[in-house]
Structure formats: structure tokens, C-alpha cells
Amino acid sequence: LLALASFPPYKPSMSQYIPRKLIVLDNAGQSPTIDETEIATSSKPIVVLAEPGMGKTRLMRRLASLPGHSFISAARFVTLPNPASHIGEG
């Protein structure tokens, strides 16, 4: 245990990024999958839920690197004066 403590935490770079496919749970009981490009081009707000460590933040940072997108953490989002103004129509 002490030997492991001397290693820096693992922080993969974006060059080691693994593209993701997400399962969509819709009202019709269907579970289609979508990829990142479909998320980036969606006109509706999308909520991404997953267990800790599954890559939600890395996915959001990846999408934020695309033109017309930005990243804001949930903790910062809920403290905005008018959070609804940062959500698109949909």
C-alpha cells in the first residue's frame, strides 16, 4: 500500500479517449444506442446518468471541445442565477 501511494494518480489524456455509445431510455420502452456525434447534434437537452468512474465528465469535456458547445459542471450549473436560460429549447 505504501509503495502504491508514491505513484501519481492515473489521468489519461484526451489522446487516450475511448468513444462511447450510450443507451437511450425512451417513453416507448425502447433502448436504442446513440454515439457521441448524435449527442452533439441533438436539439434537445440530454441527461447522462452513469455510475461513478464511467466517464461522464470526460464525455462532457470531449463534447465541449466541439464548436458551439461548452462544459459546465452540475455543481456550478445549479448555482447559476437562472439555470434554465442555459438549456436549449426542447
Extract all donor-acceptor atom pairs below 3.5 Å that involve side chains of residues 49-57 and protein atoms in other chains or at least two apart in sequence.
| from | atom 1 | to | atom 2 | distance (Å) |
| --- | --- | --- | --- | --- |
| Lys56 | NZ | Ala50 | O | 3.1 |
| Lys56 | NZ | Glu51 | O | 3.1 |

N/O donor to acceptor pairs below 3.5 angstrom from side-chain atoms of residues 67-75, sequence neighbours left out:
| from | atom 1 | to | atom 2 | distance (Å) |
| --- | --- | --- | --- | --- |
| His69 | ND1 | Pro67 | O | 3.1 |
| His69 | NE2 | Ala40 | O | 2.9 |
| Ser73 | OG | Arg76 | N | 3.1 |

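For the pair Leu22 and Thr33, the minimum side-chain heavy-atom distance is 4.5 Å or more.
Note that CZ of Arg20 and CD1 of Ile34 are 13.5 Å apart. Values are rounded to the nearest 0.5 Å. Once rounded to the nearest 0.5 Å, the distance linking CD1 of Ile39 with NZ of Lys21 reads 10.5 Å.
Using a distance-only test at 3.5 Å, with no hydrogens or angles considered, no donor-acceptor pair links the side chain of Ser42 to the main chain of Glu38.
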Side chain to side chain contact (heavy atoms under 4.5 Å, CB included) between Leu59 and Glu36, intermediate numbers included = CA-CA 8 Å; Leu59 171 63; Glu36 294 171 12; 3.6 Å; yes
